Amino acid sequence: QGKDRFARQHFLSHQTMDYIHRLRGDLHGVARDLLSNLPDDHTDHAYMRDVCRAVLVAGLFPKLAWIRSFGKGHTLQGLKVVVHPGSVNSKAKDSVVAFYDIQETSERWLYDTTVVSMAPVLLFAPRLDELHRGKRVVFRVGGWEVAVDTKVADDLLALRASLQDF
């Protein structure tokens with residue numbers, strides 16, 4: 001009764017609100033089951049954080065932005081964007097973020113951002129072009145150019161090749 005009144009007062013569908021509630025419960029249950037059955041060699045919190053962020057990159061690709069300073073940067077496609085000021089990442093600099101949505105008003109605002117590392121970006125990019133090889137290797141992914149150590153580049157390319165078998 002109360003939730004129906006709340007939904008009507010705020011112009012929401014109570015069926016959609018019920019669906020969201022059930023979906024959150026399902027996701028909570030799956031995450032709890034997954035995390036309670038981890039192998040002993042996967043219990044390190046930093047490792048799990050990196051794995052979760054890599055999963056975000058893989059799942060949200062190409063929704064990535066390279067934030068240069070004060071939350072401002074460019075997406076893989078070259079759009080100028082700004083992390084929404086209400087985000088914990090609004091002051092991010094020299095970071096790559098995965099994002100869920102862009103809303104355009106006075107700026108192109110990024111919503112639901114998470115700082116991620118460049119490694120899963122290079123690993124999961126559908127296309128990775130090698131532009132230069134010297135002491136460092138320069139790759140192009142989307143509209144970005146990324147330089148890495150030669151050994152890192154060789155390991156990355158070998159890992160990408162092994163993932164192609166999946």
Side-chain angles (χ1 to χ4, degrees), residues 23 27-28 30-166:
L23 181 61
L27 289 173
H28 176 76
V30 168
R32 183 187 62 239
D33 291 347
L34 177 69
L35 294 174
S36 66
N37 295 313
L38 288 175
D40 292 338
D41 62 341
H42 288 70
T43 57
D44 179 58
H45 292 290
Y47 173 78
M48 290 304 298
R49 182 181 57 241
D50 290 344
V51 168
C52 288
R53 289 179 177 175
V55 168
L56 282 172
V57 169
L60 291 173
F61 201 95
K63 292 182 174 185
L64 301 165
W66 198 330
I67 306 303
R68 298 298 183 163
S69 63
F70 299 106
K72 296 180 180 183
H74 291 85
T75 66
L76 268 175
Q77 296 83 8
L79 290 174
K80 287 177 66 175
V81 291
V82 181
V83 177
H84 191 271
S87 170
V88 296
N89 298 314
S90 63
K91 302 288 189 236
K93 62 179 181 179
D94 299 321
S95 302
V96 176
V97 297
F99 62 90
Y100 182 72
D101 193 23
I102 295 177
Q103 293 184 15
E104 190 167 351
T105 55
S106 58
E107 300 270 6
R108 286 190 191 103
W109 300 107
L110 297 180
Y111 283 84
D112 301 321
T113 62
T114 300
V115 174
V116 297
S117 71
M118 187 60 76
V121 175
L122 297 173
L123 183 62
F124 296 122
R127 181 173 174 165
L128 186 67
D129 299 318
E130 186 174 316
L131 302 178
H132 172 77
R133 184 173 281 266
K135 290 183 179 180
R136 297 175 63 85
V137 177
V138 178
F139 291 109
R140 176 179 293 129
V141 57
W144 302 343
E145 292 183 4
V146 180
V148 299
D149 181 78
T150 305
K151 175 72 172 119
V152 171
D154 293 340
D155 290 345
L156 171 69
L157 292 172
L159 187 54
R160 283 178 60 88
S162 69
L163 287 176
Q164 295 301 315
D165 296 337
F166 288 102

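Since this is a predicted model, take the numbers as computed values, not measurements.
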- Gln77 side, atom CD; Leu64 side, atom CG - distance, nearest 0.5 Å: 8.5 Å
- Distance in Å, Asp149 CG paired with Asp155 CG, rounded so as to fall on 0.5 Å steps: 9.0 Å
- Taking the side chain as every heavy atom from C-beta outward, state whether Val57 and Val96 have any pair of such atoms under 4.5 Å apart. no
- Query: In Å, rounded to the nearest 0.5 Å, how long is the span from NE2 of His74 to CZ of Arg108?
  - Reply: 9.5 Å
- Grab the two heavy atoms, one from Val148 and one from Ala153, that are nearest each other, plus how far apart they are. CG2-CB, 3.8 Å
- If you draw a 6.0 Å radius around OH in Tyr111, do more than 12 non-hydrogen atoms from other residues or ligands fall strictly inside? yes
- Task: Please examine the side chains of Cys52 and Val55, heavy atoms only from C-beta on, and report whether any two atoms are closer than 4.5 Å.
- Result: no
- Query: Are any of the side-chain heavy atoms of Leu156 and Val137 separated by less than 4.5 Å?
  - Reply: no
- Measure the NE2-CD distance between His132 and Glu145 for me, rounded to the nearest 0.5 Å. 11.0 Å
- Task: Indicate the atoms forming the closest heavy-atom contact of Val81 with Ala65, along with that distance.
- Result: CG2-CB, 4.0 Å
- Query: So which pairs with a foot in residues 50-70 pass ring-ring contact (aromatic ring centres under 6.0 Å, His included), sequence neighbours left out?
  - Reply: Trp66-Trp144
- Task: Decide yes or no for Ser117 and Arg53: does some side-chain heavy atom of the first lie under 4.5 Å from some side-chain heavy atom of the second?
- Result: no
- Sole candidate of Val82, Val83, Val115 that passes side chain to side chain contact (heavy atoms under 4.5 Å, CB included) when paired with Ile67: Val83
- So, do Val121 and Phe139 sit near enough that their side-chain heavy atoms are less than 4.5 Å apart? no
- Note on the structure: In short, Pro85 meets Trp109 closest at the heavy-atom pair CD-CZ3, 3.3 Å
- Separation of Glu107 CD from Lys80 NZ (nearest 0.5 Å): 8.0 Å
- Item | Test item: Leu60 and Phe99 side chains (from C-beta on) under 4.5 Å apart, heavy atoms | no
- Query: Would you say Asn89's side chain and Thr113's backbone share a donor-acceptor pair under 3.5 angstrom?
  - Reply: yes
- Item | Residue pairs involving residues 116-130 (criterion salt bridge (charged side-chain N to carboxylate O under 4.0 Å, His left out); sequence neighbours excluded) | Arg127-Asp129, Glu130-Arg133
- Minimal non-hydrogen separation, Thr150 against Arg136, with atom names: OG1-N, 4.0 Å
- Atom NZ in Lys63, atom CG in Leu56: separation rounded to 0.5 Å? 12.0 Å
- Task: Indicate the atoms forming the closest heavy-atom contact of Gly142 with Arg140, along with that distance.
- Result: O-CG, 3.2 Å
- 4.5 Å side-chain heavy-atom contact, Arg160 and Leu123: yes
- For residues Ala125 and Val141, report the shortest heavy-atom separation together with the two atoms involved. CB-CG2, 3.4 Å
